[in-house]
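Heads up, the thing below is written out as structure tokens.
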Amino acid sequence: GHPVNFVRKQDAAAYCGWRGKRLPTEAEWERATRPACTGPDPKVCAAAAPLYPWGNLPADCLRAQFDSGTPGCGTKLTTTAGSRPTGASAAGVQDLAGNVAEWVSDGYDPDFYTKGSSVNPQAPQAAQSVLRGGGFATKGAGLRASARAAADNAFSALDVGFRCAK
């Protein structure tokens, strides 16, 4: 089926809680997009990390549902979850780029990564939270593994959804 969309953060969190799960932290979400860091310096690993969940190849319609500017991929609709297996991350996680942007549990702080912990950082709750992954209305650059957006917690849109973590 298609991903759930048009959902507010608090509703996504409530659903995950009902399932005995939770929204992932932003760090967990980003970790799912990139290979494991085996070096001692996280900054070196971050610099060597691929641009997209699938690697460094540009976004295309074989890997993600996004606004490519072409008919077929940029249909302004979601597609069946898991229908772009070549877009899976090194960890095998699908749909981390395109289809729907995903709520994470962290509040939004534009400078969080420069002042937060380098080990499993978690930003405190705020009036705005983080969306990751870009949705079907996102242009290619917005699908980068490092791309993040801020949205009011009560925001919902056709290309905003979530995934649960345990």
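Values reported hereafter were calculated over all heavy atoms of this structure, with side chains retained and with hydrogens, waters and symmetry mates removed. Since the structure is predicted, the reported quantities are computational estimates derived from the model, not experimental observations. Residue numbers count from 1 along this sequence.
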Completion exercise
So OG of S68 and CG of D60: to nearest 0.5 Å the spacing works out to 9.0 Å
Exercise for the section: Supply the atom-to-atom distance S129 OG to Y108 OH, rounded to the nearest 0.5 angstrom. Expected result: 11.5 Å
Problem - Least distance between heavy atoms, Q94 atom then A88 atom - result: CG-CB, 3.9 Å
Problem - Side-chain (N56) to main-chain (L51) donor-acceptor, under 3.5 angstrom - result: yes
Handout entry: Rounded distance (nearest 0.5 Å) linking atom OG1 of T33 with atom CG of L143
Key = 12.0 Å
Handout entry: Partners meeting salt bridge (charged side-chain N to carboxylate O under 4.0 Å, His left out) with R163 (sequence neighbours left out)
Key = E102
Completion exercise
When rounded to the nearest 0.5 Å, the distance separating OG1 of T78 from CG of D159 is 10.0 Å
Handout entry: K9 and D11, any side-chain heavy atoms less than 4.5 Å apart
Key = no
Practice task
Start with the C-alpha distance between V4 and F162, add both sets of side-chain angles, then the distance that settles side-chain contact (heavy atoms from CB on, under 4.5 Å), and finish with yes or no.
Solution key: CA-CA 7 Å; V4 171; F162 67 99; 4.0 Å; yes
Handout entry: Heavy-atom closest contact (V104 atom, W29 atom, distance)
Key = CG1-CB, 3.8 Å
Fill in the blank from the handout: Separation between NZ (K166) and CZ (R22), nearest 0.5 Å, reads 10.5 Å
Exercise for the section: Start with the C-alpha gap between S156 and V7, add the side-chain angles, then the distance that decides, and say whether side-chain contact (heavy atoms from CB on, under 4.5 Å) holds. Expected result: CA-CA 5 Å; S156 67; V7 62; 5.8 Å; no
Handout entry: Donor-acceptor under 3.5 Å (T80 side chain, S83 main chain)
Key = no
Completion exercise
In short, A165 meets L23 closest at the heavy-atom pair CB-C, 4.5 Å
Practice task
Give the ring-plane orientation class for W54 versus Y52, where under 30° counts as parallel, over 60° as perpendicular and anything between as tilted.
Solution key: parallel
Problem - Atom of E26, atom of D106 and distance for their closest heavy-atom approach - result: N-OD1, 2.6 Å
Exercise for the section: Decide whether V100 and F155 are clustered together by the hydrophobic rule: side chain heavy atoms of Ile, Leu, Val, Met, Phe, Trp, Tyr closer than 4.5 Å, transitively. Expected result: no
Handout entry: N99 side-chain N/O to T79 backbone N/O, donor-acceptor pair under 3.5 Å
Key = yes
Handout entry: Donor-acceptor contact below 3.5 Å, side chain S89 vs main chain V93
Key = yes
Exercise for the section: Taking E30 for its side chain and A27 for its backbone only, find out whether a donor-acceptor pair lies under 3.5 Å. Expected result: no
Exercise for the section: For the pair K76 (side chain) and A137 (backbone), establish whether a donor and an acceptor sit closer than 3.5 Å, ignoring hydrogens and angles. Expected result: no
Exercise for the section: Measure across A64 and C73 and return the closest heavy-atom pair with its distance rounded to 0.1 Å. Expected result: O-SG, 3.4 Å
Exercise for the section: Treating Ile, Leu, Val, Met, Phe, Trp and Tyr as nodes and any side-chain heavy-atom pair under 4.5 angstrom as an edge, say whether L57 and F66 lie in one connected cluster. Expected result: yes
Problem - Side-chain donor or acceptor of D95 paired with backbone N/O of G98 under 3.5 Å - result: no
Exercise for the section: Would you name the heavy atoms of T25 and S105 that are closest together and state the gap between them? Expected result: CA-OG, 3.5 Å
Handout entry: Within-4.5 Å side-chain heavy-atom neighbours: W103 and V160
Key = yes
Exercise for the section: Examine distances only and state if a side-chain atom of R63 and a backbone atom of R84 form a donor-acceptor pair shorter than 3.5 Å. Expected result: no
Fill in the blank from the handout: When rounded to the nearest 0.5 Å, the distance separating CG of N153 from CD of Q128 is 8.0 Å
